[in-house]
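Working notes, beginning with the structure itself.
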Amino acid sequence: MNAPFKPTSEAAATFVRRHIGPSPRDVDAMLQTVGATSLAALMGETLPSSIRQKAPLDLGRALSETEALAHMNELAAQNQVFTSLIGQGYSGTILPAVIQRNILENPAWYTAYTPYQPEISQGRLEALFNFQTMICDLTGLDVANASLLDEATAAAEAMALAERHSQVKAKAFFVDHEVHPQTLAVLRTRAEPLGWSLIVGDPLTDLDKADVLGALLQYPGTSGAVRDLRPAITSLRAKGALAIVAADLLALTVLASPGELGADIAIGSAQRFGVPMGYGGPHAAYMAVRDALKRSLPGRLVGLSVDSRGMAAYRLALQTREQHIRREKATSNICTAQVLLAVIASMYAVYHGPEGLNYIARNVHRRAAVLAAGLRKLGFAPTSEAFFDTLTVAVGAKQGEIVARAFAEKINLRMGDGTLGIAVDETTTSETVEAVWRAFGGTLAYADVETGAREALPAELKRTTAFLTHPVFHAHRSETELLRYMRKLSDRDLALDRAMIPLGSCTMKLNATTEMVPLTWPAFGSLHPFAPADQAKGYHVLFARLEKWLCDITGYDAVSLQPNSGAQGEYAGLLAIRGYHAARGEDHRRICLIPSSAHGTNPASAAMVGMDVVVVACDARGDVDVNDLRAKAEKHSADLAAVMITYPSTHGVFEEHISEICDVVHQHGGQVYLDGANLNAQVGLSRPGDYGADVSHLNLHKTFCIPHGGGGPGMGPIGVLAHLAPYLPGHPATNGGTPHPVGPVSAAPFGSASILTISYIYILMMGGEGLTRATEIAILNANYIAARLQAHFPVLYRNAKGRVAHECIIDPRPLKMSAGVTVDDIAKRLIDYGFHAPTMSFPVPGTLMIEPTESESKAELDRFCDAMIAIRQEIAEIESGRFKVEASPLRNAPHTVHDIADDGWNRAYTRAEGCFPDGVSRSDKYWSPVGRVDNVYGDRNLVCSCPPLSDYAEAAE
Ligand SMILES: *Cc1c(COP(=O)(O)O)cnc(C)c1O
């Protein structure tokens with residue numbers, strides 16, 4: 001008799017089994033290797049019992065992938081996609097389908113890591129180089145970075161840069177009254193702790209008499225007005241102050257560039273170059289500067305250098321300039337930026353070319369001009385005669401009825417004080433324009449009005465200079481060519497879709513496809529961040545549940561979803577601490593204790609909120625030296641603001657005395673900032689809010705599955721205990737006019753809202769039990785690697801029971817003595833084995849930090865360990881004198897096709913030993929496109945954007 005059919009293992013059907021790499025049987029084998037009797041026993045030996053979470057994490061039933069997508073469909077149905085003509089820095093745009101599918105939805109692009117290892121990053125480095133070229137060309141300035149978080153923070157960074165370079169001593173900064181309100185609000189947040197004052201006014205009348213270090217001007221203005229900014233810029237430069245212009249990239253295809261107008265710095269958003277609004281983000285902001293300022297440019301900068309054979313190769317230039325490496329001397333904390341979005345914007349320009357962009361701009365302007373002509377007929381003249389795509393009209397008491405009629409047409413307008421703003425974009429049709437006229441009370445036919453419409457770009461501000469002259473912006477006009485170009489670039493890179501990326505502190509785990517799907521649905525992608533909240537009900541349900549889950553996971557009472565990166569979360573968290581002290585009349589508390597092992601963004605963030613960093617020592621075990629901490633907390637007792645501590649420590653260990661550290665700091669009136677980037681070792685096992693921390697940021701692009709995108713986007717929400725909740729960042733768009741103790745840190749109230757869907761779905765499909773299991777396996781995987789590598793490379797730090805947390809540091813420094821092998825040699829040799837290197841020289845110089853995450857299977861962990869052990873054997877061959885280190889496969893790594901095809905090969909090892917070491921597959925080999933990249937050469941000969949076409953012509957002569 002047959003038993004009724006029943007699936008044998010329900011567990012095998014769940015998403016948890018897909019997310020977690022090792023099978024249950026693998027787990028048993030790995031437990032044996034690490035010498036633990038069970039997962040529970042291993043956890044007992046790894047985490048101090050004092051901090052263990054009492055109750056299991058309960059987040060409700062985990063959904064299957066199918067159920068989760070059905071649920072997301074329900075949420076999507078609660079969002080209403082109106083045509084948003086709000087403008088204010090966000091525009092409708094058309095993401096070419098070929099770019100959507102092959103970049104935004106392609107793991108070869110979105111799962112890549114930050115391009116610190118240039119040899120395996122040539123594809124995205126080239127795309128970013130194109131982005132920089134595009135920004136330089138459009139802004140008319142010399143050097144552009146590879147993106148910032150959003151326009152408002154780019155403005156704040158530019159203000160800080162101006163403060164450092166201005167010849168004016170006054171700590172006052174001028175802000176054009178035509179600057180977007182959210183930008184002004186973020187500038188206020190940034191200026192206040194540093195004691196800088198802001199003067200808001202009309203640059204054409206108020207600037208001459210103002211004693212300011214610099215000014216931010218908006219071009220076109222937030223009202224849409226296109227003004228000749230040259231008199232203002234001339235007046236600034238005459239004082240020795242810096243002129244910053246926030247410019248719209250599409251407008252710059254038809255308007256004279258900021259560089260031509262005399263600006264020192266240009267900033268802005270690249271959103272309308274194909275990146276969906278996403279209810280706030282993510283989008284790439286840009287910054288470009290005159291040559292003299294390039295060494296102060298915040299953020300990452302891609303430059304050209306040469307490889308070991310003298311061939312051109314891209315790399316991140318002037319890395320020491322990356323501010324957070326300078327710790328408390330840093331002037332910016334930007335780390336994760338918006339690489340994926342910058343890549344998309346650059347491809348949009350590659351796809352359209354200069355003539356295509358110009359065509360789009362002219363069309364947009366034409367529609368705006370026709371709209372204006374119609375509005376004039378209806379008795380509403382725009383406030384400015386000169387405009388590009390945005391009109392503001394005075395409507396007085398008629399505002400309510402017009403807006404109501406617009407809503408009935410499913411159109412959002414920008415509401416001002418007795419005014420309405422209307423911004424036209426690439427997606428605006430003649431039907432939309434007619435609908436706007438109807439909202440204004442008239443029935444006009446587009447074709448009739450069009451004949452009488454006149455252009456509204458001032459003759460003296462028309463663009464006369466060429467842009468995007470480089471061949472890359474001309475050679476890919478057919479989809480076939482573009483498809484192959486994008487494929488060529490992604491093939492050069494090593495991302496998670498090919499191999500484990502064992503980066504310590506960066507948690508490169510699975511970014512499941514299901515998690516990525518809803519992101520590009522219009523119901524999430526097409527919402528304007530300042531659309532009325534009742535059109536975004538689905539989003540707000542998601543925000544509320546995500547906040548609740550993150551509270552449950554961390555033990556905190558409130559969460560802000562605003563910060564766009566971990567570092568921005570640190571900044572927001574420190575502002576909360578500062579706000580709390582100030583409210584208690586203790587604004588003199590400005591000392592921030594930071595252990596020497598901390599991530600560089602910690603001291604950089606503290607410096608940005610005006611705190612003084614006091615460094616706390618670490619002991620020989622890598623733990624925070626509690627005696628030193630106690631002494632320094634005592635010494636600065638009266639002025640102690642906070643401690644910033646990473647837990648488990650940056651050294652990858654759960655320190656025993658974390659609660660004691662929290663107590664000491666609290667006793668002296670300080671607050672505990674716990675850097676939550678390492679939450680992947682804690683979810684379900686321990687909660688910072690329970691064991692003494694007051695505030696943490698959580699890197700959703702690490703622990704909660706938002707892909708790294710090659711260096712961004714990210715999200716860094718912060719969780720706080722109740723006493724800090726009033727000091728979470730506010731936002732003018734959501735405060736409803738009431739002042740908030742702490743201003744916004746991002747342009748949009750919910751940061752990069754659209755990618756919150758990824759973390760939401762992840763938690764939804766894992767449930768509390770699945771998340772806890774993930775943490776346990778992450779810890780098992782790290783201990784497994786430590787156990788397998790220990791005999792070959794000593795593991796630097798362990799806890800008293802010999803366990804590491806979710807990552808481990810291995811120490812090849814003795815090999816420098818015995819064989820002359822550097823950590824770089826090992827990192828580059830790993831490329832020949834088909835791996836991305838672990839984190840190099842952080843937090844301990846000369847070491848490698850490995851974090852496998854729970855998503856890597858035992859097979860992949862073994863492949864990696866085998867490669868490391870094989871490399872150790874190669875080092876032994878240097879030690880035994882088979883070849884000198886200079887002639888070894890390690891120093892010559894990575895090996896390329898040029899090596900295997902080298903007819904003059906005369907090295908001490910064979911070409912096969914170089915290219916296919918230890919059984920590396922000959923059919924599935926990853927080939928690094930370039931040999932080892934020369935860092936020094938690149939910095940000495942800084943080239944950060946493509947040369948113009950004229951240079952090619954000259955070279956051809
Ligand atoms: C990644 C990381 C940060 C910074 O996060 P970003 O998103 O890159 O700004 C801060 N602290 C630690 C420990 C990190 O690992």
Side-chain angles (χ1 to χ4, degrees), residues 103 109-110 112-118 120-139 141-151 153-154 157-158 161 249 265-271 273-275 281-289 291 293-305 313-325 332-350 470 472 489-490 492-493 495 564-565 567-568 701 708-714 933 935 938-939 942-946:
I103 292 187
W109 287 96
Y110 67 69
Y113 180 60
T114 310
Y116 289 132
Q117 297 287 333
I120 52 96
S121 312
Q122 290 296 303
R124 56 194 183 275
L125 285 167
E126 176 163 326
L128 291 173
F129 198 77
N130 292 345
F131 177 80
Q132 292 175 181
T133 302
M134 168 183 98
I135 299 298
C136 288
D137 280 9
L138 287 172
T139 59
L141 288 163
D142 305 312
V143 184
N145 69 12
S147 80
L148 290 170
L149 293 173
D150 59 25
E151 176 165 332
T153 50
E157 293 287 350
L161 201 168
L249 289 180
I265 305 172
I267 59 111
S269 167
Q271 180 264 318
F273 277 23
V275 182
H283 324 121
Y286 72 84
M287 183 187 285
V289 297
D291 193 67
L293 300 173
K294 69 182 175 221
R295 279 175 199 272
S296 299
L297 190 62
R300 298 183 177 128
L301 182 63
V302 178
L304 259 188
S305 185
Y314 299 101
R315 58 179 283 276
L316 291 180
L318 305 173
Q319 272 198 43
T320 45
R321 203 194 40 86
E322 199 163 304
Q323 284 295 321
H324 64 85
I325 293 169
S332 160
N333 66 350
I334 177 97
C335 180
T336 287
Q338 301 282 17
V339 169
L340 189 68
L341 302 313
V343 168
I344 291 173
S346 81
M347 287 301 174
Y348 179 90
V350 166
H470 187 272
V472 76
L489 294 189
S490 60
R492 291 180 184 167
D493 289 9
N564 275 318
S565 72
Q568 207 178 52
H701 48 302
H708 272 245
V933 178
N935 287 327
D939 284 350
L942 193 61
V943 177
C944 302
S945 57
C946 307

Using a 4.5 Å cut-off on heavy atoms from C-beta on, say whether the side chain of [Y] contacts that of [X].
X: Val289; Y: Asp142; value: no
X: Met347; Y: Leu489; value: yes
X: Pro713; Y: Leu341; value: yes
X: Val302; Y: Leu125; value: yes
X: Ser305; Y: Tyr314; value: no
X: Arg124; Y: Leu340; value: no
X: Glu126; Y: Arg492; value: yes
X: Arg300; Y: Asn145; value: no

Just how far is it from atom [atom1] of [X] to atom [atom2] of [Y], taken to the nearest 0.5 Å?
X: Cys946; Y: Met134; atom1: SG; atom2: CE; result: 11.5 Å
X: Met287; Y: Leu141; atom1: CE; atom2: CG; result: 11.0 Å
X: Asn130; Y: Ile135; atom1: CG; atom2: CD1; result: 11.5 Å
X: Ser269; Y: Leu149; atom1: OG; atom2: CG; result: 12.0 Å
X: Cys944; Y: Leu301; atom1: SG; atom2: CG; result: 4.0 Å

Measure across [X] and [Y] and return the closest heavy-atom pair with its distance rounded to 0.1 Å.
X: Leu148; Y: Pro298; value: CD2-O, 4.3 Å
X: Ile267; Y: Tyr286; value: O-OH, 3.0 Å
X: Gly299; Y: Ile334; value: N-CG2, 3.4 Å
X: Ala342; Y: Ala284; value: N-CB, 3.6 Å

Arg315 and Asp939 ion-paired at < 4.0 Å: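 Between Asp939 and Arg315 there is a salt bridge, with a charged N closer than 4.0 Å to a carboxylate O.
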If only side-chain N and O atoms count, and only distance matters, is there a donor-acceptor pair under 3.5 Å linking Ser945 with Gln132?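 No, because no side-chain N or O of Gln132 sits under 3.5 Å from a partner of the opposite role on Ser945.
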Under 3.5 Å, is there a donor-acceptor pair between the side chain of Gln568 and the main chain of Asn564?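 Yes; judged by distance alone, with no hydrogens or angles, the pair exists.
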Mind checking ring-ring contact (aromatic ring centres under 6.0 Å, His included) for Tyr348 and listing every partner two or more places apart, or none if nothing turns up?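 Here the qualifying residues are Phe273, His352.
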For His708, check ring-ring contact (aromatic ring centres under 6.0 Å, His included) against everything at least two apart and list the hits.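 For His708 the ring-ring contact (aromatic ring centres under 6.0 Å, His included) partners, ignoring immediate neighbours, are Tyr113, His701.
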